Amino acid sequence: MGEEVLFWVMSPFAVLGALGLVFARKAVHGALSLAVTMITLAVFYIAQEAPFLGVVQVVVYTGAIMMLFLFVIMLVGVESSDSRVETIRGQRGSAALAVLGVVLLLTTVTVRATLPDEPTGMAQATPDGNVAGIADLIFGTYVWAFEVVAALLITAAVGAMTLTHRERIFHRPSQRDQAIRRFREGRPEDAAGLPVPGVYARHNAVDTPALLPDGTPSEASINRVLVARGAARSSEEFSHRPTPGDIEAGTSETLSSAEGADQPEGETDEPAAAAPELGGDDDATGGERA
Amino acid sequence: MSPTPYLVLSVILFSIGAAGVLTRRNALVAFMCVELMLNAGNLAFVTFARMHGNLDGQMVAFFVMVVAAAEVVVGLAIIVTIFRTRRSASVDDASLLKL
């Protein structure tokens with residue numbers, strides 16, 4: 001009785017997962033629904049007195065194989081989805097027809113076959129429990145098949161490595177090569193490498209450009225890709241220099257405290273931007289901030 | 001419980017997997033449908049093993065799982081290699097051998 005309840009509760013999930021795999025537009029959704037189906041199958045194995053296979057199903061299939069699928073989906077691109085155009089005319093219709101035929105045929109066969117109402121059960125075959133019985137078989141009757149399968153697994157691993165290995169055609173440029181290239185390209189000012197991104201009291205990340213001595217952000221200090229994606233942040237947000245106007249108006253304690261926090265770094269990194277030039281600098285930064 | 005419902009479920013899962021292999025053109029999805037068909041076969045094996053009270057069916061299901069793992073490793077490596085050269089995971093794009 002309990003097993004029947006379990007079956008009729010879980011089997012819709014199995015079928016829905018399988019249908020989700022076929023009808024999902026994106027491969028990720030398909031992979032997740034297939035994982036659902038595999039977990040329900042593991043439950044059925046355990047219900048059918050095959051606890052070892054149930055555990056292996058969860059560990060190997062949902063754990064290892066589906067994760068491998070998800071990794072490859074990640075490599076290939078999560079957005080990869082089928083186009084809906086049929087390349088062969090009438091392919092889907094005939095496929096559906098053929099599948100319907102297979103379902104009808106096999107279902108008729110299984111329903112009309114004379115199967116026992118109650119299965120024999122594994123109690124007789126595995127007096128010491130399922131795992132012990134399987135171990136007896138693996139290392140007894142099937143030991144040769146087991147060895148061959150081990151060789152197959154190793155071969156598959158080696159094959160996967162050879163297939164995905166990429167030979168480097170050019171040798172990797174060393175630091176010296178890069179320095180030589182920079183001089184050749186007429187950029188000796190970058191010979192020691194590009195400037196690092198900005199370091200501010202309130203923000204320290206690669207998406208914020210550093211400030212040049214004259215207070216303007218340095219284009220070269222952040223990655224081009226970040227700029228192209230629009231992910232770079234403005235350095236003005238974090239470089240807070242109080243103008244004389246701010247101080248006179250007494251706008252805030254926070255301004256002066258921020259200035260205090262900024263101070264040591266400002267002195268070491270940008271000496272020219274410090275106090276002496278404030279007068280000339282202020283109009284520009286003040287105007288920009290406003 | 002009679003083995004028939006399990007067998008019918010196995011048939012349904014197998015057919016859904018076959019439908020996916022026939023219709024989907026994303027190589028990864030088609031491959032996952034093959035896995036679904038293997039799993040449906042395993043369910044039938046386990047059901048029959050219990051019906052006969054014989055552990056051999058479970059052994060076969062176990063070996064199917066191992067071989068499926070090896071197959072997935074090689075198949076995914078092939079898909080990754082094809083994707084690298086052709087920038088596509090669609091089975092329609094790997095058509096260089098077509099006359």
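Values reported hereafter were calculated over all heavy atoms of this structure, with side chains retained and with hydrogens, waters and symmetry mates removed. Note that the coordinates shown come from a computational prediction; the quantities given were computed from them, not determined experimentally. Letters go in sequence order (proteins before strands), and every chain restarts at 1.
- In this structure, no portion of A/A113 lies under 4.5 Å from any heavy atom of chain B.
- At a 4.5 Å heavy-atom cutoff, the contact between B/L43 and chain A is made by backbone and side-chain atoms alike.
- Residue A/E185 qualifies as enclosed at atom CD: its count of foreign heavy atoms under 6.0 Å is above 12.
- For the set B/L7, B/V67, B/N42, the entry with the most heavy-atom pairs within less than 4.5 Å of chain A is B/N42.
- Interface remark: of the candidates B/L9, B/V73, B/D56, B/L55, B/L55 forms the most heavy-atom pairs closer than 4.5 Å to chain A.
- Both the backbone and the side chain of A/L53 come within less than 4.5 Å of a heavy atom in chain B.
- For a residue to count as touching a neighbouring chain, one of its non-hydrogen atoms must lie under 4.5 Å from one of that chain's; by this rule B/T47 touches chain A with backbone and side chain alike.
- With a 4.5 angstrom heavy-atom cutoff, A/A145 touches chain B via backbone and side-chain atoms both.
- No hydrogens or angles considered: a donor-acceptor pair under 3.5 Å links the side chains of B/Q58 and A/N130.
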**Request:** Apply side chain to side chain contact (heavy atoms under 4.5 Å, CB included) to the pair B/Y6 and B/V46, showing each step before the final yes or no.
**Result:** CA-CA 10 Å; B/Y6 285 113; B/V46 172; over 6 Å; no

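- No side-chain heavy atom of A/R184 sits under 4.5 Å from any side-chain heavy atom of A/R181.
- Of the listed residues (B/V66, B/L76, B/D92), the one with the most heavy-atom contacts under 4.5 Å to chain A is B/L76.
- Of the two parts of A/F71, neither the backbone nor the side chain holds a non-hydrogen atom closer than 4.5 Å to a non-hydrogen atom of chain B.
- Looking at B/M1, the atoms closer than 4.5 Å to chain A (heavy atoms on both sides) sit in the backbone and in the side chain alike.
- Taking OG from A/S174 and CD1 from A/I180, the interatomic distance works out to 7.5 Å, rounded to the nearest 0.5 Å.
- Neither the backbone nor the side chain of A/M161 comes within less than 4.5 Å of any heavy atom of chain B.
- Aromatic pair A/Y142/B/F62: ring centres not closer than 6.0 Å.
- Neither the backbone nor the side chain of B/I82 comes within less than 4.5 Å of any heavy atom of chain A.
- Sorted by first then second residue, the side chain to side chain donor-acceptor pair (under 3.5 Å) pairs that include residues 72-87 of chain B, not counting sequence neighbours, number zero.
- Contact detail for A/A123 and A/E49: the closest heavy-atom pair is N-OE1, 4.2 Å.
- Options A/V109, A/L68, A/V60, A/T37 differ in how many heavy-atom pairs under 4.5 Å they form with chain B, and the most are formed by A/L68.
- Looking at B/N54, only its backbone comes within 4.5 Å of chain A, counting heavy atoms on both sides.
- With a threshold of 4.5 angstrom between heavy atoms, B/V80 approaches chain A through side-chain atoms but not through N, CA, C or O.
- With a 4.5 Å cut-off on non-hydrogen atoms, A/I138 touches chain B through its backbone and its side chain both.
- Here A/Q91 is the residue among A/Q124, A/Q91, A/M66 with the most heavy-atom pairs under 4.5 Å with chain B.
- Across B/V11, B/N39, B/V8, B/L13, the residue that shares the most heavy-atom pairs under 4.5 angstrom with chain A is B/N39.
- None of A/L115, A/T107, A/D117 except one satisfies the side-chain contact (heavy atoms from CB on, under 4.5 Å) rule with B/T4; the exception is A/L115.
- Under the 4.5 Å side-chain criterion, counting only non-hydrogen atoms from C-beta, A/L21 is in contact with B/V29.
- More than 12 heavy atoms of other residues, nucleotides or ligands lie within 6.0 Å of CZ in B/F63, so this atom counts as buried by the packing criterion.
- Using a 4.5 Å cut-off between heavy atoms, B/I16 touches chain A through backbone and side chain atoms alike.
- Of all the heavy atoms in A/T40 and A/A14, the pair that sits closest is OG1-CB, 3.4 Å.
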